[in-house]
Amino acid sequence: MTDLIAQRSLLLFDTSAGETTRAEIKLGRPYWTEQNLEAACPVAVEGLLLLPTEVHGIDPLNAIQNAILFVDSCLAGKLQGQLLWPDGQPYDIGGAAASPAAQISDELNDILGW
């Protein structure tokens with residue numbers, strides 16, 4: 001996928017098999033499929049889905065929101081064990097505040113005054 005706007009690496013630990021698989025989540029730049037009618041956001045979940053797909057919305061922002069919901073449902077639906085951040089910490093689907101980057105984000109917010 002080209003023109004990435006967001007990417008995340010996770011680990012899927014299959015407790016029954018004792019195996020860990022890497023999952024790469026990638027969101028591409030959303031685009032209008034029909035100007036002011038519908039937009040699409042390319043999505044790949046490498047390690048879970050065989051092929052990239054597109055998620056649609058009423059505008060590019062809605063397409064991104066729907067793509068994130070799609071990814072969360074894919075992760076929840078395929079989970080046969082534990083979902084982890086690359087450093088081994090537990091990953092909470094939909095809970096970005098649990099990420100190791102949350103502290104950095106808070107510090108940036110303080111610096112930028114957000």
How close do [X] and [Y] get, heavy atom to heavy atom, and via which atoms?
X     : Y     : answer
Pro90 : Leu84 : CA-CD2, 4.0 Å
Trp32 : Leu37 : CZ3-N, 3.6 Å
Gly47 : Thr21 : O-CG2, 4.3 Å
Asn66 : Gly57 : ND2-CA, 3.8 Å

Return the set of residues passing side chain to side chain donor-acceptor pair (under 3.5 Å) with [X] (not counting sequence neighbours), or none when no residue passes.
X     : value
Asn36 : none
Ser9  : Glu24
Arg29 : Asp3
Asp14 : Ser16

Q.
Taking side chain to side chain contact (heavy atoms under 4.5 Å, CB included) as the definition, give me every residue that meets it alongside Ile58, ordered by chain and number, with sequence neighbours left out.
A. Asn62
(Q) If the condition is side chain to side chain contact (heavy atoms under 4.5 Å, CB included), which residues does Ala67 pass it with, not counting sequence neighbours? (A)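 Side chain to side chain contact (heavy atoms under 4.5 Å, CB included) check on Ala67 returns Leu27, Cys41, Val43, Val55.
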**Q.** salt bridge (charged side-chain N to carboxylate O under 4.0 Å, His left out) involving Glu38 - partner list, sequence neighbours excluded
**A.** none
Q | Beyond-backbone contact of Val45 with Thr53, side-chain heavy atoms, under 4.5 angstrom | A | no
Q) According to the salt bridge (Lys or Arg N to Asp or Glu O under 4.0 Å) rule, which pairs have a member within residues 41-52, sequence neighbours left out? A)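 Salt bridge (Lys or Arg N to Asp or Glu O under 4.0 Å) check on residues 41-52 returns Lys26-Glu46.
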Q: Mind jotting down which residue pairs meet the salt bridge (Lys or Arg N to Asp or Glu O under 4.0 Å) criterion with at least one end in residues 47-57? Sequence neighbours excluded, please.
A: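 Salt bridge (Lys or Arg N to Asp or Glu O under 4.0 Å) check on residues 47-57 returns no pairs.
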**Q.** ILVMFWY cluster membership beyond Leu51 - transitive side-chain contacts under 4.5 angstrom
**A.**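 Hydrophobic cluster check, Leu51: joined to Leu50.
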